Number of protein chains: 2
Amino acid sequence: MNAQPPVKKGRKYDQVIAGAREVFLREGYEGASVDVIARDAGVSKATLYSYFPDKQALFLAVLSGECDIQKRASTELEFRERDVPQALHGIAESMIGFLLSETGLAIFRVCVGEAQRFPEIGRAFYETGPRMGMAMLSGFLASPKAQAVLDIDDPDQAADTFISLCRSDLMLRRIMGVDGAPDPAVISAAADEAVRTFLARYARR
Amino acid sequence: MNAQPPVKKGRKYDQVIAGAREVFLREGYEGASVDVIARDAGVSKATLYSYFPDKQALFLAVLSGECDIQKRASTELEFRERDVPQALHGIAESMIGFLLSETGLAIFRVCVGEAQRFPEIGRAFYETGPRMGMAMLSGFLASPKAQAVLDIDDPDQAADTFISLCRSDLMLRRIMGVDGAPDPAVISAAADEAVRTFLARYARR
DNA sequence: CGCCGACTGAACGGAACAGTTTACAATCGA
DNA sequence: TCGATTGTAAACTGTTCCGTTCAGTCGGCG
């Protein structure tokens with residue numbers, strides 16, 4: 001996913017990416033037509049094809065950008081709260097919030113749908129998103145500060161458990177279009193529930 | 001999803017469905033072409049169109065069938081093990097096994113990809129799959145036998161937690177194509193982990 | 001000014017696709 | 001054996017789509 005666009009000739013590059021992003025995330029790869037992308041980006045098709053050799057390259061460029069965003073979001077998780085349970089609650093809230101956000105869902109949807117056709121996309125999504133988040137969280141769980149309160153042998157396993165608890169029925173209902181946008185109070189309650197279960201398993205006693 | 005095919009005229013119906021199933025689950029809705037489906041089903045395109053008015057109806061018929069299968073799988077969960085923790089382990093194993101199976105993944109993938117375009121499919125998947133499984137599990141958790149061992153106020157919430165624990169990083173890696181088919185021992189270990197966390201939260205003490 | 005690179009709009013070729021039609025063959029009940 | 005139902009192969013229609021081409025516009029710069 002590190003293939004830079006061969007040359008960034010002109011000033012409309014960002015515009016093309018933005019339009020493509022919107023259409024691809026809305027329609028998927030097969031569903032998106034290059035004509036629609038060009039129209040949506042406010043750019044002629046000729047211009048679009050001067051930046052990218054074909055539809056697939058454009059798609060990969062868009063997804064690569066989204067993965068970078070995910071990566072940044074993961075590394076910005078805030079562990080420096082006063083209190084370990086509070087820190088966990090904060091992490092759970094921001095994770096759930098991202099998972100249920102329109103953007104987070106759209107990326108997930110497209111990656112699921114296209115991971116077969118473009119294996120590198122599935123890989124890149126996993127590495128920059130869940131894997132990165134897990135690594136961050138695992139690092140925190142292994143820190144002396146966390147270990148003072150938590151009894152964790154396998155931080156990776158524990159991080160997996162924590163994230164799984166965040167990925168609850170709520171997320172499934174959003175993905176499947178059963179629920180609409182979530183109430184912040186609902187997110188907070190879900191985070192609470194996740195932290196309670198996690199502490200029940202891992203709190204020192 | 002209850003719209004029956006208008007009439008089941010002839011003997012090739014099942015053949016058509018089988019072919020369509022294979023292609024749709026492999027390629028998604030947009031990716032699947034009717035010509036390929038017909039060829040794959042060993043049937044002429046004219047025959048196909050004598051059973052179904054259009055591609056969309058065929059797609060809905062296939063997914064409707066898959067949902068029925070899911071439903072049956074959910075209702076067949078086995079709760080009558082000697083021991084509650086053993087029962088939970090068995091449930092976790094069969095859930096994880098299904099989630100990671102080629103079939104389970106394919107249905108999930110297609111539903112995620114098409115839930116936008118066909119909202120009723122997202123709904124139907126959720127109701128016949130996760131919702132149904134949750135209801136079964138919730139019923140078990142509320143039963144006197146389980147309540148003797150478990151301290152559960154909100155069985156639905158607890159069922160959600162249990163299922164979330166089953167839907168771990170393992171599933172994500174499968175969906176994203178990072179991992180291949182899972183080793184049964186790995187599934188058993190994941191089930192173990194899920195049950196341990198669940199019991200830590202809900203076991204009476 | 002005159003030049004040049006970026007961009008446009010529109011058209012086009014060729015392919016794929018959904019769905020229809022037609023002319024013909026297989027199957028089967030009576 | 002007959003006739004009706006069911007299926008087939010292949011061509012065909014009309015649309016959509018990707019990717020290319022080209023004549024021409026625009027804005028900046030020497």
Side-chain angles (χ1 to χ4, degrees), chain A residues 3-64 110 113-114 116-118 120-121, chain B residues 3-64 110 113-114 116-118 120-121:
Chain A
Q4 290 293 17
V7 184
K8 180 168 168 174
K9 273 189 261 172
R11 63 211 129 101
K12 303 259 175 146
Y13 182 89
D14 294 343
Q15 217 171 313
V16 173
I17 289 281
R21 192 193 107 100
E22 176 154 2
V23 179
F24 277 133
L25 291 190
R26 195 177 55 223
E27 315 271 4
Y29 181 76
E30 296 278 353
S33 103
V34 176
D35 294 76
V36 171
I37 291 174
R39 192 165 44 68
D40 228 76
V43 146
S44 80
K45 221 164 34 137
T47 301
L48 187 154
Y49 275 104
S50 82
Y51 286 111
F52 300 95
D54 56 18
K55 184 185 178 183
Q56 180 171 324
L58 176 55
F59 183 65
L60 293 177
V62 167
L63 266 289
S64 164
V110 171
E114 247 60 53
Q116 304 270 69
R117 215 182 311 270
F118 304 104
E120 72 259 54
I121 281 185
Chain B
Q4 290 293 17
V7 184
K8 181 168 167 170
K9 273 189 256 169
R11 61 214 132 102
K12 303 259 173 151
Y13 182 89
D14 295 343
Q15 216 172 315
V16 172
I17 289 282
R21 192 194 107 99
E22 175 154 358
V23 179
F24 277 134
L25 291 190
R26 195 176 55 224
E27 314 272 4
Y29 181 76
E30 297 278 352
S33 100
V34 175
D35 293 76
V36 171
I37 292 173
R39 190 166 45 67
D40 228 77
V43 146
S44 80
K45 216 153 55 124
T47 301
L48 189 155
Y49 276 105
S50 81
Y51 286 111
F52 299 96
D54 55 20
K55 186 184 178 183
Q56 180 170 326
L58 176 56
F59 183 65
L60 293 178
V62 168
L63 266 289
S64 165
V110 170
E114 247 58 55
Q116 304 269 70
R117 216 181 311 270
F118 304 103
E120 72 258 54
I121 282 184

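Small disclaimer: the values here were computed from a predicted structure and weren't measured. Hydrogens, waters and symmetry mates are skipped; everything else that's a heavy atom, side chains included, is used.
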Separation of [X] atom [atom1] from [N] atom [atom2], in whole Å?
| X | N | atom1 | atom2 | answer |
| --- | --- | --- | --- | --- |
| Y49(A) | dC17(D) | OH | P | 12 Å |
| E30(A) | dA16(C) | CD | C1' | 11 Å |
| L58(B) | dC17(C) | CG | C1' | 15 Å |
| F24(B) | dC17(C) | CZ | P | 13 Å |
| E27(A) | dC17(D) | CD | P | 10 Å |
| F52(B) | dG7(D) | CZ | C1' | 16 Å |
| Q56(A) | dG19(D) | CD | P | 9 Å |
| D35(B) | dC12(D) | CG | C1' | 13 Å |

[atom2] on [Y] to [atom1] on [X], rounded to 0.5 Å:
| X | Y | atom1 | atom2 | result |
| --- | --- | --- | --- | --- |
| R21(A) | I37(A) | CZ | CD1 | 13.0 Å |
| E120(B) | L63(B) | CD | CG | 9.5 Å |
| L48(B) | R39(B) | CG | CZ | 13.0 Å |
| R117(A) | E27(B) | CZ | CD | 6.5 Å |
| L25(B) | Q116(A) | CG | CD | 10.0 Å |
| K55(B) | F24(B) | NZ | CZ | 5.5 Å |

*Taking ring pair (Phe, Tyr, Trp, His ring centres under 6.0 Å) as the test, write out the residues that go with F118(B), two or more places apart.*
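Checked F118(B) against ring pair (Phe, Tyr, Trp, His ring centres under 6.0 Å); matches are Y29(B), F59(B).
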
*Please check if any side-chain donor atom of S50(A) sits under 3.5 Å from a side-chain acceptor atom of T47(A), or the reverse.*
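Absent: no donor and acceptor within the cut-off.
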
Could you list the protein-to-nucleotides 27-30 of chain C atom pairs, N/O on both sides, closer than 3.5 Å?
none

Which atoms of nucleotides 8-10 of chain C (N or O only) lie under 3.5 Å from a protein N or O atom, and what are those distances?
unit_1 : atom_1 : unit_2 : atom_2 : d
dT8(C) : OP1    : K12(A) : NZ     : 3.1
dT8(C) : OP2    : S44(A) : N      : 3.0
dT8(C) : OP2    : S44(A) : OG     : 3.4
dT8(C) : OP2    : T47(A) : OG1    : 2.5

*Select base, sugar-phosphate, or nothing to describe what A32(A) touches, counting heavy atoms under 4.0 Å on all strands.*
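The residue A32(A) makes sugar-phosphate contact but no base contact.
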
*State whether Y51(A) places a side-chain N or O below 4.0 Å from either non-bridging phosphate oxygen (OP1 or OP2) of dA6(C).*
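No, no such contact exists.
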
*asked:* Is there a side chain to side chain contact (heavy atoms under 4.5 Å, CB included) between I17(A) and F52(A)? Walk through the geometry before answering.
replied: CA-CA 10 Å; I17(A) 289 281; F52(A) 300 95; 3.8 Å; yes

